[in-house]
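Atom set for the values below is all heavy atoms of this structure, side chains included, hydrogens, waters and symmetry mates excluded.
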Amino acid sequence: METIRGWVLKKREHGNIIFIDLRNRDGVTQCVIRRENVSNEDWSKAEELTQESSIILRGGWRLEDRAPRGREFVVNGIEIVHLAETPYPLGKKEHSPETLMEKRHLAVRGQRYQAIFRVRSEILRASREYFINNGYVEVSPPIIVTTACEGGATLFKIDYFDIPAYLTQSSQLYLEIMIFTYEKVWCLAPSFRAEKSRTRRHLAEFWHLEAEAAWMNLDELMKLEEELVSHICRSVAEKCQYELKLLNRNPEELLEIEPPFKRISYEEAIMELKREGVNIEIGDEIGGDEEYILTKKHNKPIFLVGYPLKYKPFYVKELKDKSGMGATVDLLAPEGYGEMATGGEREDNIEKLIERIRGEGFDPENYDWYIDLRRYGSVPHAGFGMGIDRLTWWICKLDHIRDATPFPRLYRTGKMI
RNA sequence: GCCGGGGUAGCUCAGCGUGGAAGAGCGGCGGGCUGUUAACCCGUUGGUCGCAGGUUCGAGUCCUGCCCCCGGCGCCA
């Protein structure tokens, strides 16, 4: 005699036989209740079951070709833990994005979300595993900060004991502090951007996987990123086969994600875009539409190496052999998904750094601690930040990034749960 | 911030052009049915037509203002 616990996803009544699709952490299990196998009392319980009622069934497993996953649970005893109210607010038809946001607390029970967040969990586990295996020390950065690092316009302002403060946009500057202690560090923390973005790839609050290492250059950085992403893809492909199938993502596609990723320079990208008929010149920005064109034909991520310094934040180092170009690398997800991570070498010269901070209209006084790092044992170093939500978005082949996280924070979304 | 689309039953939507008794499917509820798997069949329930004004004998439909949601651009991870 075994028991199975869970929630009623669907009930199908046929007179003397009732099928229950039971939902729990293992997925969906078909349970069969025959009138002849249970007491009259239990039969009545089965008849009154409503969608999402929580129940405990007693019985045994049986191989059955007609059951969805090759086996079913034959019931001979029923305990109703809670009889759910009717009607359940979410039906079996598709729902509008609005309903899925307003009923998020219930929508996350759905099979699709269950699969997505299981994959996300594996992405996080594999990330941590990679950094541990490669000698990186995990640090905990602050969430409340007083300095901007990505431009002042996108800061969420908060009141910190009557002192103006902000929610962090990135933990990078704090990781840079910690490389002088551990040389190789990483963190996983939320970042906040008050961007009034209405796109399928922006969240106001996102989980940011960041790493920073002393002595590292651009080539070594790319090697780190491609190994990390490949490790994550391999882990997901191996451990989430059921979930990937449900999401229409072939695990084979993820297993093909292996180093090296293609490197394409900023200038090469501009040339390719011109060949594709885009009206663009060297010195222009490569935007979302352009990234789509660059990545739609690929099935592996690509690196976009170098970018005009004028579009980049103050901490970006200039390329040695190309004046006006930043030593940056963007990791673009394939299949049209686009930017997933950005990184590069950091400016380690104190004069240049102060000049760049002024250039952005910031007061160097506010960055005294950051500038100090270039005063006492400055080292060449590099790092990157990757959006976990964007990585999940691509790996799960989602349309909109709001489905890559259980509780998305978006610009202009009515109800927040 | 800009451009476009939308808001009608618990859910997904039709109705609006040309004003005249608020509809369908699904869900819920009741009944039937021994293998379904979006079960099926019969019956039934269900409305602040986003909000506020206006025009009109009469507004879901026309006009004005506001709110909210969706898609896209820019920005970015």
Side-chain angles (χ1 to χ4, degrees), chain A residues 9-22 28-37 47-48 50-52 62 64-69 72 74 84-103 106-107 111 149-151 153-154 169-172 189-210 225 285-292 307 311-313 328 330-333 337-343 384-394 399-402 404-405 410-415:
Chain A
L9 180 64
K10 266 182 290 216
K11 180 176 74 168
R12 293 180 294 279
E13 285 188 82
H14 297 265
N16 291 319
I17 184 166
I18 295 174
F19 295 95
I20 303 286
D21 287 343
L22 193 74
V28 179
T29 303
Q30 172 163 293
C31 303
V32 192
I33 306 167
R34 291 174 181 278
R35 182 170 258 169
E36 71 224 37
N37 288 348
E47 283 186 310
E48 69 171 341
T50 53
Q51 187 177 3
E52 288 303 310
R62 190 169 76 104
E64 171 58 68
D65 290 340
R66 289 171 291 185
R69 295 173 80 179
E72 63 185 15
V74 181
E85 294 179 17
T86 60
Y88 186 61
L90 298 175
K92 56 188 168 187
K93 281 197 171 180
E94 291 196 351
H95 299 90
S96 63
E98 191 172 1
T99 301
L100 289 174
M101 288 302 293
E102 283 180 358
K103 303 286 184 219
L106 302 175
Q111 282 182 269
C149 60
E150 302 287 339
T154 64
Q169 295 171 304
S170 162
S171 301
Q172 180 195 318
S191 284
F192 305 85
R193 305 275 168 94
E195 291 160 355
K196 294 180 176 176
S197 302
R198 288 197 58 82
T199 77
R200 58 183 66 192
R201 62 183 182 281
H202 281 87
L203 292 168
E205 171 186 299
F206 65 97
W207 282 82
H208 212 168
L209 184 71
E210 294 175 275
E225 288 186 44
E285 284 240 64
I286 294 176
D289 288 350
E290 288 76 29
E291 282 180 9
Y292 177 81
Y307 208 83
Y311 301 120
K312 288 289 179 179
T328 64
D330 287 355
L331 181 60
L332 308 182
Y337 279 90
E339 191 168 333
M340 187 158 62
T342 292
F384 76 95
M386 184 161 66
I388 287 292
D389 315 273
R390 288 203 177 163
L391 187 60
T392 307
W393 176 53
W394 161 58
D399 288 333
H400 200 294
I401 200 164
R402 70 176 147 233
T405 185
L410 300 154
Y411 170 61
R412 246 166 66 183
T413 286
K415 190 170 179 182

Sugar-phosphate only, base, or nothing, as touched by A/Leu203 at under 4.0 Å among non-hydrogen atoms: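 Result for A/Leu203 = base.
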
Sugar-phosphate, base or nothing in reach of A/Arg35, heavy atoms under 4.0 Å: nothing

Base B/G4 paired with A/Arg198 side chain (donor-acceptor, <3.5 Å):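 Answer is no: no donor-acceptor pair is held.
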
Under 3.5 Å donor-acceptor pair, A/His202 side-chain atoms to B/C75 base atoms: yes

Please state whether the phosphate of [N], meaning OP1 or OP2, lies under 4.0 angstrom from any side-chain nitrogen or oxygen of [X].
X	N	value
A/Arg12	B/A38	no
A/Arg390	B/A77	no
A/Arg62	B/G35	no
A/Ser197	B/C76	no
A/Lys10	B/A38	no
A/Thr86	B/C29	yes

Taking the [atom1] atom in each of [N] and [M], what is the distance between them to the nearest angstrom?
N	M	atom1	answer
B/U36	B/C40	P	12 Å
B/G60	B/G20	C1'	13 Å
B/C16	B/U61	C1'	4 Å
B/C51	B/A59	P	15 Å
B/G4	B/G43	C1'	45 Å
B/G10	B/G54	P	28 Å

Rounded interatomic separation in angstrom, taking [atom1] from [X] and [atom2] from [N]:
X	N	atom1	atom2	value
A/Lys312	B/C76	NZ	C1'	9 Å
A/Glu85	B/G27	CD	C1'	16 Å
A/Glu72	B/U37	CD	P	14 Å
A/Glu48	B/G30	CD	C1'	15 Å
A/Glu13	B/U34	CD	P	12 Å
A/Asp289	B/C76	CG	P	15 Å
A/Glu291	B/C73	CD	C1'	14 Å
A/Arg412	B/C73	CZ	C1'	13 Å

Flag side-chain contact, heavy atom, 4.5 Å: [X] against [Y]:
X	Y	result
A/Ile20	A/Ile33	yes
A/Val74	A/Arg34	no
A/Val32	A/Phe19	yes
A/Tyr88	A/Leu106	yes
A/Leu9	A/Leu22	no
A/Arg201	A/Trp393	yes

Side chain of A/Asn16 (C-beta onward), nearest among B/U34, B/A77, B/G1: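 Looking only at side-chain atoms, A/Asn16 lies closest to B/U34.
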
From B/G71, B/C75, B/C29, nucleotide with atom closest to A/Glu285 side chain: B/C75

Counting only Watson-Crick or G-U wobble pairs whose two distances fall under 3.5 Å, which nucleotide matches [N]?
N	answer
B/A14	none
B/G58	none
B/G4	B/C70
B/A52	B/U64
B/U44	B/G28
B/A38	none

Within 6.0 Å of CD in A/Glu285, more than 12 heavy atoms from elsewhere: yes

Contact nearer the 5' end of RNA chain B, comparing A/Val32 with A/Leu331: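 By nearest-heavy-atom nucleotide position, the 5'-most residue is A/Val32.
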
Residue whose closest nucleotide on RNA chain B lies nearer the 5' end, A/Glu339 versus A/Asp399: A/Asp399

A/Glu339 backbone acceptor or donor facing A/Glu291 side chain under 3.5 Å: yes

Backbone N/O of A/Ala84 and side chain of A/Thr50: donor-acceptor pair under 3.5 Å: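 Present.
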
Whether A/Tyr311 and A/Tyr307 hold their rings parallel, tilted or perpendicular, with breakpoints at 30° and 60°: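 Ring orientation of A/Tyr311 relative to A/Tyr307: perpendicular.
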
Show the distances under 3.5 angstrom between N or O atoms of the protein and N or O atoms of nucleotides 47-51 of chain B.
none

Straight-line distance of A/Leu209 CG to A/Met340 CE, nearest 0.5 Å: 11.0 Å

Pair A/Gln51-A/Lys11, side chain to side chain contact (heavy atoms under 4.5 Å, CB included): steps then yes or no: CA-CA 7 Å; A/Gln51 187 177 3; A/Lys11 180 176 74 168; over 6 Å; no

Annotated protein contacts, base or backbone, on nucleotides 6-13 of chain B with a non-hydrogen cut-off under 4.0 Å, one of B, S, - each: ----SSS-

